[in-house]
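Structure record follows, encoded as C-alpha cells.
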Amino acid sequence: LLLVLLAGFPFIALLPSEVGNIRVGGLSLLWWYGAVAAPALAWLVAVVLHR
Amino acid sequence: LTFAARTLAIWLTPAAWLALPALVLEGGPDGLWVGLVLLVAPLLALALAGGVAPPAQSGDALFPVLALLLVVGILFWANLVLAGDVAAWLGAPRWQGIAVAAGGAWILLVWRRSGRLVPVLLLVAGCGLIVPMLAMARGAGMGPLGAWERVASLPAFRLPASSPWANPGRELRAGRGPGTLVFEEEHRVTATGSAQLHVRAVDGARVTESDWDLRPGESVTLRPGDELRWPPGARLRFEVGKTVPGAPASGISWADGRRGDSSRRWGLLLTLSGGALALLGYGIAGGITRREMAATGATLIAVFAWGVVWAVYCALGSPDLFLGGVAVERLARPPTLRGLAGVGSLVPALLPLAALASFLASSMALRARIGALDVTGGGEIGHDLGLWSAILGGAALASLWPAEPWLLIVMALGLATSTLAPAVLWPPGAGRGQWGTGAGLVGLVIFGALAVAGQWTNVSESWAGLPLAYPAVVAAPAAALVLGLARRPRKG
C-alpha cells in the first residue's frame with residue numbers, strides 16, 4: 001500500500017490534460033497529493049496496518 | 001520517542017534533510033517526490049523488517065558490519081562536506097566547519113554515555129528548524145499555502161536588492177546543475193575581485209567563445225542566450241531586478257515541474273527504499289510497536305513538512321538562491337533571513353546549529369546501529385576509539401575537497417541497498433549465512449563497477465543509462481538472485 005501511495009505521485013503527474021496542475025484551494029492537485037495527502041495516508045497506513 | 005529519535009538520527013542526517021528543501025527548490029514537484037520517498041522509505045523498511053536476528057557466527061557477521069561501516073563512512077563524508085560548504089557560505093574557511101563537526105563527533109565518541117543525548121540533540125535541532133521558519137513566515141506575512149500560491153504565480157524569479165550577489169557581490173559556487181549561467185535577458189556582470197570569465201555567445205547559427213580578464217570593478221554585459229562560465233572562487237556582482245540565471249523560467253514552471261525523467265524516479269525509489277531497509281532493518285531482532293511506528297512516522301512527517309515549507313519561503317524571499325543552480329548549503333542561511341526586521345543575529349545562526357546538533361546525534365546513532373550487529377563483541381565496535389577516529393579522520397580529510405553531499409548520500413544508500421537490503425527481504429536460512437555474505441559481495445562488486453563506470457562515461461538520461469546513474473537497480477537484484485539460489489531446497 002505504501003508503494004501504491006508513492007506510485008500515485010508520478011501517476012498524477014502523467015495524467016492527460018495536465019490534471020495534476022489544476023489549482024484547488026491555492027495548491028495544485030499534484031502538490032496537494034505529494035505534500036499533504038500522501039504523507040498523511042502513508043502515516044495512517046503504516047500505523048493502522050502495523051502488526 | 002527514543003526509538004523515533006534513533007530512527008530519525010540514523011535515516012535523516014543533515015545532508016539528507018537539508019537536501020530536501022534544496023531539491024524542492026530546484027525541481028518543484030520532482031523534489032517533492034524525493035521528499036516523499038525520504039518519508040515513506042523508512043516507514044516501508046520498519047513495516048517489512050524486524051524479527052531477523054543478526055548472523056550469529058562471527059564469520060558471517062563480519063561482512064554486514066564491514067558493509068555498514070563503509071556506508072556510515074560515506075554518510076559521514078557527505079555530512080562533513082556539507083559542514084565545510086556551510087562554513088564557506090557563512091564566510092569561514094571550509095576546514096573550520098569540518099573541524100567543528102568532526103571534532104564534536106569525536107568528543108562524543110570518547111564519552112561512552114553520550115548515546116543518551118540523541119533525543120536532546122534532535123530536540124535542539126527541531127527548535128533550530130522551526131524558529132527560522134516562523135521568522136520567514138512572519139517576514140513574508142503569509143502562511144505556507146499563501147506563499148506557495150504567490151511563488152507559483154511569479155512571472156519570473158528576479159534578483160532582490162537584499163541579495164549578497166547584488167550588493168556588494170560575493171563568491172559564486174556552482175550549485176547542482178550544469179555549472180554555467182544562462183542569461184534570459186541582458187545582464188551586466190561586474191567582477192568584485194580579479195576574475196577570468198568565459199562567455200559563449202549564440203547569435204543565430206553563429207557561436208562565439210570569448211575569455212574576459214576582469215579587474216575589480218570591470219564589467220561584462222551578457223545578452224539573452226549567452227552562457228557564462230566562471231572559475232571557482234570568482235567574486236561577482238549581478239544586477240538587481242534582473243531574472244536570476246539558473247532559476248526556472250517562472251513560478252508556474254517551477255510549480256508544474258518538468259515532464260519525463262521517470263527512469264530516474266524509479267531508480268531513486270529503489271535506492272532509497274533499499275537503503276532504508278538496510279540501515280533500519282538489517283539484523284534488527286524483534287518487531288517494533290505500533291506506538292513506535294506512530295511516533296517515528298509523525299517525526300518524519302514533521303521534517304518533511306518543514307523541508308517543503310522552507311523551500312517555498314526560500315523561493316519567495318530569496319530567489320537569488322537559484323543563482324548558478326541551487327547549492328544545499330545556501331538553504332542553511334538564506335540571505336533574506338539576515339535582513340528580516342526584528343530577527344537579530346541569533347535566528348540566522350539557528351539552522352547551521354541545528355545541522356550541527358543533528359549531525360552529532362546521527363554520529364552516535366549510526367555508531368550504535370553498527371554496535372547492534374556486533375553479536376560477539378557485545379556492541380563494543382560502536383565505541384572502538386581507533387576505528388571511529390580513523391573513519392572520522394578519513395571522512396574529514398576527504399571532505400576538504402568539494403563534493404555534492406546529496407550525491408554522496410545516494411551513493412551510501414545505493415551501497416547499502418546492493419549489499420544488505422536483499423538479505424532483509426530474503427534472509428538465508430539457518431546454516432546458510434555464507435550465502436548472505438556471497439550475495440552481499442556480488443552486490444558490492446557490481447555496485448562498485450557500475451558506480452566507477454558511471455563516473456567515467458556520459459550517462460544517458462534514458463532507461464538504458466539507469467544502471468550507471470543508480471547502480472543499485474542492477475546490483476541489488478543480482479544479490480537477491482544469489483540469495484534465491486541459497487533458498488533452493490538441498491538435494492538429498
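All chains are named by letter (A, B, ...) in the order of the sequence lines, taking the proteins before the strands, and each is independently numbered beginning at 1. Model, not experiment: these values are computed from the prediction.
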For residues 23-30 of chain A, dump all side-chain donor-acceptor pairs below 3.5 Å to protein atoms at least two apart in sequence or in another chain.
from, atom 1, to, atom 2, distance (Å)
A:Arg23, NH2, B:Ala152, O, 3.4
A:Ser28, OG, A:Trp31, N, 3.4

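Partners of B:Trp11 under the side chain to side chain donor-acceptor pair (under 3.5 Å) rule, at least two apart in sequence or in another chain, do not exist in this structure.
Residue contact with chain A, scored on non-hydrogen atoms closer than 4.5 Å, involves the backbone of B:Thr289 exclusively. Proximity to chain A is absent for every atom of B:Leu300, based on heavy atoms less than 4.5 angstrom apart. Within the 4.5 angstrom heavy-atom criterion, atoms from both the backbone and the side chain of B:Val37 approach chain A. Proximity to chain A (any heavy atom under 4.5 Å) is restricted, for B:Trp148, to the side chain, taken from C-beta onward. For B:Ala41, no part sits under 4.5 Å from any heavy atom of chain A, backbone or side chain.
Heavy atoms from other residues, nucleotides or ligands lying under 6.0 Å from CG of A:Leu15 number more than 12.
Ranked by non-hydrogen atom pairs under 4.5 Å with chain B, the options A:Pro39, A:Ala7, A:Gly20 are led by A:Pro39. Ranked by heavy-atom pairs under 4.5 Å with chain A, the list B:Gly28, B:Pro29, B:Gly297 is led by B:Pro29. Residue with the most contacts toward chain A among B:Val308, B:Leu145, B:Ile252: B:Leu145 (heavy-atom pairs, distance under 4.5 Å). Of the residues considered (B:Thr296, B:Leu43, B:Val309), B:Leu43 shows the highest number of contacts with chain A, using heavy-atom pairs under 4.5 Å.
Between atom CG of residue A:Leu5 and atom CG of residue B:Leu36 there is a gap of 8.0 Å, rounded to the nearest 0.5 Å. The CH2 atom of A:Trp43 sits 12.0 Å away from the CG atom of B:Leu39 when rounded to the nearest 0.5 Å.
The minimum heavy-atom distance linking B:Arg265 with A:Ala13 is given by the pair NH1-CB, 4.2 Å.
B:Val40 pairs in a side-chain contact (heavy atoms from CB on, under 4.5 Å) with only one of the listed residues (A:Leu2, A:Leu3, A:Leu41), which is A:Leu2.
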